[in-house]
Colleague: 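I am attaching a structure below and will ask some questions about it afterwards.
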Amino acid sequence: MANADSLVVLDFETTGLSPDQGDRAIEIGAVRIENGRVTEHFQSLMNPGRRVSPFIENYTGISNELLKDAPPCGEVMAEFADFIGTSNLLAHNASFDKRFLDAELQRINKPYAGEFTCSLLVSRRVFQSAPNHRLGTLVDYCNIESTGDFHRALYDSQMTAQLWLAILASIRTTYQRSEIPFALMQKLCKTPKPGIARLLAVPS
DNA sequence: TGCCAGGCCCTCTTTAGGGCCTT
């Protein structure tokens, strides 16, 4: 059940980089974290109403053939809006996924109440010695078990969720606190809003 | 055929530019 105390980690596969340039979502994957554990997941392909490029087919493994019989974006996004409810939201490079979430939900006139935070931005502060801050690199860096099946929405959201739990564990270790100070999470997340910081401070 | 965006962050900065990330 969605609520303001759960965190939905989401990832979109899309036809390109910018909804402002006409790009659409082709897959949504998400997991819910509650009390430090993944409790639920959501995944669906969606038909964007146009053919995807060979680059995207190769990059994601999502072919035009796969999308041919997928439900339309509006139908899937309506279900996803119900899934996220009032939960707070997390993504790796959240500015990208937020743009697509905003664009797709605006098309079906579905608002959402959660606040976004970004595992990429926080990881740059917490894992400063990582070779880079791509999702796959950070999964290796944190010794998170992985099959390497990146660039699919559910898998990337699952890996982002595990990365997030690793980030929280690292902060707890660094500051030797079972609960992460509210002000510290606000600083790391660069958010002045109280909701996300309260959520992130959940004990392990 | 080839290209497209945008937010954050760093620095040889702030009257700016470019790399990193995401598909």
Side-chain angles (χ1 to χ4, degrees), chain A residues 7-31 42-67 70 73 76-77 80 84 88-107 114-142 144 146 148-164 166-167 184-193 196-197 200:
Chain A
L7 180 67
V8 167
V9 186
L10 63 95
D11 182 73
F12 279 105
E13 304 305 318
T14 70
T15 64
L17 292 173
S18 174
D20 290 341
Q21 300 291 316
D23 287 315
R24 299 294 305 271
I26 58 174
E27 186 181 42
I28 178 68
V31 299
F42 183 102
Q43 185 275 331
S44 183
L45 292 170
M46 55 189 117
N47 189 328
R50 49 178 277 195
R51 292 185 65 79
V52 300
S53 68
F55 171 81
I56 293 297
E57 285 190 310
N58 183 59
Y59 187 78
T60 65
I62 300 171
S63 66
N64 287 291
E65 182 67 22
L66 266 178
L67 293 173
C73 294
V76 172
M77 292 307 299
F80 187 61
I84 63 179
N88 287 315
L89 304 165
L90 170 75
H92 198 66
N93 199 13
S95 67
F96 174 84
D97 293 280
K98 183 178 187 302
R99 282 199 302 278
F100 278 94
L101 183 69
D102 289 349
E104 294 293 347
L105 291 186
Q106 190 171 33
R107 284 173 174 268
E115 298 166 12
F116 256 100
T117 196
C118 177
S119 55
L120 169 63
L121 297 183
V122 180
S123 73
R124 281 178 174 158
R125 295 174 174 80
V126 174
F127 300 133
Q128 294 182 12
S129 59
N132 60 59
H133 297 85
R134 296 173 198 149
L135 178 59
T137 300
L138 290 169
V139 164
D140 285 342
Y141 184 79
C142 294
I144 294 167
S146 166
D149 297 320
F150 292 100
H151 308 307
R152 285 302 297 266
L154 179 60
Y155 189 80
D156 283 3
S157 69
Q158 290 169 327
M159 290 298 100
T160 301
Q162 294 307 312
L163 171 62
W164 187 246
I167 287 171
L184 172 62
M185 286 313 298
Q186 279 191 309
K187 180 181 176 184
L188 291 172
C189 295
K190 287 194 66 176
T191 173
K193 299 176 182 177
I196 196 75
L200 300 177

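Within every chain, numbering begins at 1; the chains are lettered A, B, ... in the order of the sequence lines, protein sequences first and strands thereafter. Values reported hereafter were calculated over all heavy atoms of this structure, with side chains retained and with hydrogens, waters and symmetry mates removed.
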Colleague: For the pair Asp11(A) (side chain) and Ser157(A) (backbone), establish whether a donor and an acceptor sit closer than 3.5 Å, ignoring hydrogens and angles.
Modeller: no
Colleague: Of all the nucleotides listed (dC9(B), dT23(B), dC21(B)), which has the minimum atom distance to the side chain of Asp156(A)?
Modeller: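 It is dT23(B).
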Colleague: Could you tell me how far dT14(B) sits from dC9(B) if I compare only their C1' atoms? Round to whole Å.
Modeller: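 Approximately 14 Å lies between the C1' atom of dC9(B) and that of dT14(B).
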Colleague: Taking the minimum atom-to-atom distance to the side chain of Ser18(A), which one of dC9(B), dA5(B), dC21(B) wins?
Modeller: dA5(B)
Colleague: Between dC3(B) and dC10(B), how far apart are the C1' atoms? Round to whole Å, please.
Modeller: 27 Å
Colleague: Compare the minimum distances between each of dC9(B), dA5(B), dT23(B) and the side chain of Thr60(A), then state the nucleotide with the smallest one.
Modeller: dT23(B)
Colleague: Looking only at side-chain atoms of Phe55(A), point me to the closest of dT23(B), dC9(B), dT22(B).
Modeller: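 Minimum distance to the Phe55(A) side chain belongs to dT23(B).
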Colleague: Of the listed nucleotides (dC20(B), dA5(B), dT23(B)), which one gets closest to any side-chain atom of Arg124(A)?
Modeller: dC20(B)
Colleague: C1' atom, dC4(B) versus dT23(B): distance in rounded Å?
Modeller: 12 Å
Colleague: Under 4.0 Å, heavy atoms only, any strand: does Asp23(A) hit a base, just the sugar-phosphate, or nothing?
Modeller: nothing
Colleague: Quantified in whole Å, what is the C1' atom distance between nucleotide dG18(B) and nucleotide dC12(B)?
Modeller: 12 Å
Colleague: Distance check: side-chain N/O of His151(A) vs OP1/OP2 of dT23(B), anything under 4.0 Å?
Modeller: yes
Colleague: Leu135(A) CG to dT23(B) C1': how many Å, rounded?
Modeller: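 Distance check: Leu135(A) CG to dT23(B) C1' gives 13 Å.
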Colleague: For Asn132(A) and Ser95(A), find the nucleotide of DNA chain B closest to each by heavy atoms; which residue's nucleotide sits nearer the 5' end?
Modeller: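 Final value for this comparison: Ser95(A).
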Colleague: Looking for any heavy atom pair under 4.0 Å, which part of the strands does Phe100(A) touch: base, sugar-phosphate only, or nothing?
Modeller: nothing
Colleague: Would you say dC20(B) has OP1 or OP2 under 4.0 Å from some side-chain N or O of His133(A)?
Modeller: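 So the side-chain polar atoms of His133(A) never come under 4.0 Å of the phosphate oxygens OP1 or OP2 of dC20(B).
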Colleague: Select base, sugar-phosphate, or nothing to describe what Thr15(A) touches, counting heavy atoms under 4.0 Å on all strands.
Modeller: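 No contact at all - Thr15(A) keeps every heavy atom at 4.0 Å or more from the nucleic acid.
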Colleague: Write down the distance separating the C1' atoms in dT13(B) and dC8(B), rounded off to the nearest Å.
Modeller: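 These two C1' atoms come out 15 Å apart once rounded.
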Colleague: Taking any heavy-atom pair under 4.0 Å as a contact, classify Ile26(A): base, sugar-phosphate, or nothing.
Modeller: nothing
Colleague: Classify the nucleic acid contact of Asp11(A) as base, sugar-phosphate or nothing, counting any heavy atom under 4.0 Å across all strands shown.
Modeller: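 If one applies the 4.0 Å heavy-atom cut-off, Asp11(A) turns out to touch the sugar-phosphate alone, with no base involved.
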Colleague: Between Thr15(A) (side chain only) and Arg24(A) (backbone N and O only), is there a donor and an acceptor less than 3.5 Å apart?
Modeller: yes
